Structures are given as structure tokens and as C-alpha cells.
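Notes follow the structure.
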Amino acid sequence: MVSAEQTILVTGGAGFIGTHTVVQLLNDGFRVSIIDNLDNSVMEAVDRVRELVGPKLAHKLEFHLGDLRNKEDLEKLFSQTRFDAVIHFAGLKAVGESVADPFRYFDNNLIGTLNLYDVMRRHNCKKMVFSSSATVYGQPDKIPCVEDFKLVALNPYGRTKLFLEEIARDIQRAEPEWKIILLRYFNPIGAHESGKIGEDPKGIPNNLMPYIHQVAVGRLPALNVYGHDYPTKDGSAIRDYIHVMDLADGHIAALRKLLTTKDIGCVAYNLGTGRGTSVLEMVAAFEKASGKKIPIKLCPRRPGDATAVYASTEKAEKELGWKAKYGIEEMCRDQWKWASSNPWGYQSKP
Ligand SMILES: NC(=O)c1ccc[n+]([C@@H]2O[C@H](COP(=O)([O-])OP(=O)(O)OC[C@H]3O[C@@H](n4cnc5c(N)ncnc54)[C@H](O)[C@@H]3O)[C@@H](O)[C@H]2O)c1
Ligand SMILES: O=c1ccn([C@@H]2O[C@H](COP(=O)(O)OP(=O)(O)O[C@H]3O[C@H](CO)[C@H](O)[C@H](O)[C@H]3O)[C@@H](O)[C@H]2O)c(=O)[nH]1
């Protein structure tokens, strides 16, 4: 049974995907506690979530400043509140940074998650939704990517996701009462339609959409298009972009499955749209949505990038009853709403 009084712990809930998911959880009647160390986020994002859902629902949200690497932070939280399930977003996610400093990635993503499992089992909370990534498919031989493809890691960040998937399977095998859903996100972009919350990366963005966003508002001069000689229709690489609100709803669908279905074990689902869009198509769609010209520079391929990656969405549709609603047009519209009303993200212009 899913009841309005169920309480969900959201680790990393102040971040990009976390804030959007917390809004949907509160709108759905759940109580939510966030734990976040604000390493890649700001308190203002949580304040905006409160503002968005209104004072009545905002009462059902608690924020705890804490770090998953400190078991005491988790222990304190679990001894105060009985959680029905955990949605685990907290983690570092920059591929390049993980290559330069793998220790930081293993320490944060692996140790943080092991601590979380340990405290959860000691408090008998054994339901978890975990943020995995399409990065576990590496450079797939075939597309669309199907959940039972062989998994590989191409960099230390990807290795943390792959290890954490394997760890989840081992934990569930050893203690079958665990229910764990691994969600493999494709490329989340866009923002809440209000334009009040969105992605706000620190430093120069690594990912395509935040980079385009910063060019559009004049923070960066031009977009480097990495690769124009791929064997695709326009020579640029293809990805499966998914609206962050669709992704948030995918978490609610996974959570409902955890809370209502027996013996689900440890199971992975792709969260994507099943449609591929090239970098140049994305630039054109953003220009149309924003009315801004995005100057581009054609550059060599980025090392490690795959030609084309997109999801098979069949399993999530069938077993979670979830399907992405939005297309590229809405993703760019909402990204632009966020960009144009918050050109410097949550901060004012430095
Ligand atoms: N955004 C993407 O493109 C993408 C794609 C696939 C998977 N993911 C995964 O989804 C999750 C959420 O991604 P996001 O885009 O919202 O990232 P984000 O950086 O915006 O959010 C992650 C949040 O976790 C917090 N955090 C990190 N380490 C922590 C720790 N040790 N203790 C407490 N809090 C900690 C950060 O401060 C941040 O608020 C991550 O695990 C990421 O690897 C993201
Ligand atoms: O400034 C940029 C940034 C990106 N790109 C291109 O845009 C496409 C998408 O790149 P992103 O960096 O936005 O996304 P990736 O697909 O490379 O990877 C992201 O999504 C993956 C899931 O599919 C993993 O989660 C990974 O960790 C995460 O960074 C790629 O062809 C890339 O070369 C550019 O041309 N210019």
C-alpha cells in the first residue's frame, strides 16, 4: 500500500535531478527528508522547492546537511525517522574529474553508498531506488540499449556506477528481503516548467545542454561541437535526451513498485525516451525555443564518446507503467525558461 504518510529519504536531494524529484514526491503526498552535503548544490535550490510546492506541502520536507561518508550523519537521521524507502542520488558525476582524481570518486560514491546500505539494513529499511547511468553500456555494439546488455566501465565515474550496480545485486542476493531498483538514466536535461529550479553546474559545464544554456545567456562565447565526422545523418553524435520532469516521474513509478510489489529483487530499468537526437539537431531545437543564435565551433571528437546511444524503453513501460511524455521541443522550452529567468543559476551575477 502507498499511503500519504510514507516517508522517503532522498540523498542528494538538493541537486539537479533530486530537486525535481522532491517536487513530484511532495505533490504526490509523500513526506520527504533530504540529506545533502551541498558539495554540488546550494540551499537556495531547496528553498525554491519549498516555494514551488507551497507552504502546506513544504511542511512535509526536511533538509539535513550531512555527508554520506560520515556514517554518524546517517545514523542520526535513521534513529530520528523511520523511512519507508530511500532514493539515492548523492554522488559525484563529472567524467573528466573522475579520470583526474579517481580516489575522490571511489571515496565519495562507493564509501558513501556502502555506509548508506549499512545504516539502512541496521534500521530495517530495505527498499532503495539507485541512480545508475547509461554509462554502464559503454560504447554499445547495438542500439537501442536493452537492460540485459553486457555492462562495461569506460572511466572511474562509470566504474563507480558499475560497481554499485554489482554491489546492489550481491547485497540483494545475500539478503533477499531487499528490494532495489537501479535506474539507468540517459541524458537528463530541461527544467521544471516554472523555470524556478534547474541544473546549475559549478565551473565550465561538461555536458551539452548546460553548455548551450550558458552560450545562450552570454556566459560563454560558442559551443564546441565534439565530432562532425560520425557516421550519423549530420556527422554529430546521437544521444537520448530526457526531460528531467519525466525522469522525476520515473522515480515515483519505481518507488510505487517498491512499495507495492513483493519479491522484486534487484532490477534495472532504462529511463530514456527511446529517441536519438544529434548534437546539431539539439542546437537547432534550442535556437528555435529561445530565439537565440548559438555560435558553434566544429571540433574533433571527444575521447571516449560513443557515436550513438539511446534506450530501449520497453521494460520500464511494461513493468513500471512509465513512459516519457516530453519531446526535445519541451525540453528546450523549459531549459530556456530556467536559463532566461536565472542566467547565473541560483546565484546573482558575480
Ligand atoms: N545528470 C546526469 O546527466 C546523470 C546521468 C546519469 C546518472 N546521474 C546520476 O544521478 C545522480 C544525481 O545527479 P544530478 O545530475 O542530480 O547531480 P547533482 O550533482 O546535481 O546532485 C547530486 C547531489 O548529491 C550531493 N552529494 C554528492 N556527494 C554527497 C555526499 N557524499 N553526501 C551527501 N550529499 C552528496 C551533491 O551536493 C548534489 O546536491 C548522481 O548519482 C549521478 O551520478 C546523473
Ligand atoms: O560542450 C559540449 C558538450 C558535449 N558535446 C557532445 O554532446 C553529446 C552529449 O554529451 P554530454 O556530455 O552531455 O553527455 P554524455 O552522453 O557524454 O554523458 C552523460 O550522460 C551519460 C549517460 O548517457 C553518462 O551519465 C555521463 O556520465 C554523462 O556525462 C556528446 O556527443 C558530446 O560530445 C559537445 O559537442 N559539446
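Because the structure is predicted, anything quoted here is derived from the model rather than measured. When a ligand or atom number is given, it counts from 1 through the structure's own listing order.
- No hydrogens or angles considered: nothing links the side chains of H88 and S131 as a donor-acceptor pair under 3.5 Å.
- Under a 4.0 Å heavy-atom criterion, G13 is not in contact with ligand 1.
- Taking the ring centre of F186 as origin, the terminal cationic atom of R239 falls outside the region bounded by 6.0 Å and 45° from the ring axis.
- Using a non-hydrogen distance threshold of 4.0 Å, V225 registers as a contact of ligand 2.
- With a 4.0 Å cut-off on non-hydrogen atoms, K161 touches ligand 1 through its side chain and not its backbone.
- Ligand 2 has Y241 within reach: a non-hydrogen atom of the residue lies less than 4.0 Å from it.
- Residue-to-ligand polar distances place F89 within reach of ligand 1: an N/O pair is separated by less than 3.5 Å.
- Using a 4.5 Å heavy-atom cutoff, the side chains of E281 and K233 are in contact.
- Between G272 and T313 the shortest heavy-atom distance is O-CG2, 3.3 Å.
- Nearest-heavy-atom check against atom 1 (N) of ligand 1 across K93, R69, M209 picks out K93.
- Using a 4.0 Å cut-off between charged nitrogen and carboxylate oxygen, R104 and E97 count as a salt-bridge pair.
- The residue from R239, R302, K297 that puts a heavy atom closest to atom 17 (O) of ligand 2 is R302.
- Between V32 and E62 there is no side-chain heavy-atom pair separated by less than 4.5 Å.
- Where the criterion is an N or O separation shorter than 3.5 Å, residue side chain and backbone included, Y157 meets it with respect to ligand 1.
- Heavy atoms from both the backbone and the side chain of D67 come within less than 4.0 Å of ligand 1.
- Remark: minimum distance from atom 27 (C) of ligand 1 to any protein heavy atom is reached at G91 N, 3.4 Å.
- The protein heavy-atom contact nearest to atom 24 (C) of ligand 2 is S133 OG, 3.3 Å.
- The protein non-hydrogen atom at the shortest distance from atom 7 (O) of ligand 2 is V279 CG2, 3.5 Å.
- Scanning the protein for heavy atoms near atom 3 (C) of ligand 2, the closest one is N206 O, 3.4 Å.
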Take D246 and K323, measure what side chain to side chain contact (heavy atoms under 4.5 Å, CB included) needs, and give me the verdict at the end. CA-CA 8 Å; D246 273 331; K323 189 175 170 24; over 6 Å; no
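- For atom 36 (N) of ligand 2, the choice among N224, T277, L154 with the nearest heavy atom turns out to be N224.
- If you check which protein heavy atom lies closest to atom 20 (O) of ligand 2, you get N187 ND2, 3.6 Å.
- Within the 4.0 Å heavy-atom cutoff, P188 counts among the residues contacting ligand 1.
- No donor-acceptor pair under 3.5 Å is formed between the side chain of Y185 and the backbone N or O of I17.
- For the pair N37 and ligand 1, the shortest N or O to N or O distance falls below 3.5 Å.
- The shortest contact between atom 13 (O) of ligand 2 and any protein heavy atom is with L208 N, 2.8 Å.
- A salt bridge is absent between K318 and E314: the closest approach of a Lys/Arg side-chain nitrogen to an acidic carboxylate oxygen does not fall below 4.0 angstrom.
- Of the heavy atoms in A134, none comes closer than 4.0 Å to ligand 1.
- Looking at ligand 1, you won't find any N or O of A14 less than 3.5 Å from one of its N or O atoms.
- Ring orientation note: the planes of Y117 and W178 are nearly perpendicular, at an angle over 60° on the 30°/60° scale.
- In terms of N/O distances under 3.5 Å, ligand 2 is approached by N207.
- The closest approach between a heavy atom of A45 and any atom of ligand 1 is not below 4.0 Å.
- Here the closest non-hydrogen pair linking A191 and W338 is CB-CB, 3.6 Å.
- Neither the backbone nor the side chain of N109 has a heavy atom within less than 4.0 Å of ligand 1.
- With atom 35 (O) of ligand 2 as the reference point, the heavy atom nearest to it among Y157, Y137, Y226, F186 is part of Y226.
- Considering backbone and side-chain N/O of F16, one or more are found under 3.5 Å from N/O of ligand 1.
- Between Y185 and ligand 2, no N or O atom pair is found at a separation short of 3.5 Å.
- Ligand 1 has no nitrogen or oxygen under 3.5 angstrom from a nitrogen or oxygen of I35.
- Aromatic ring orientation, F78 versus F83: perpendicular (interplanar angle above 60°, classes split at 30° and 60°).
- Per-residue contacts place A90 under 4.0 angstrom from the following atoms of ligand 1 (heavy atoms of the residue considered): 24 (O), 26 (N), 29 (C), 34 (N), 35 (C).
- A salt bridge is absent between K76 and E72; no separation between the charged side-chain nitrogens and carboxylate oxygens falls under 4.0 Å.
- At a 3.5 angstrom cut-off on N or O pairs, S133 does not count as close to ligand 1.
- The side-chain heavy atoms of L9 and M120, taken from C-beta on, include no pair separated by under 4.5 Å.
- Checked for salt-bridge contact, E193 and K337 miss the test: no charged N lies under 4.0 Å from a carboxylate O.
- A salt bridge is defined here as a Lys NZ or Arg NE, NH1 or NH2 lying under 4.0 Å from an Asp or Glu carboxylate O, and K93 with E199 meets this definition.
- Taking a 4.0 Å cut-off on heavy atoms, R184 fails to register as neighbouring ligand 1.
- Given atom 30 (C) of ligand 2, the protein heavy atom at minimum distance is D305 OD2, 3.7 Å.
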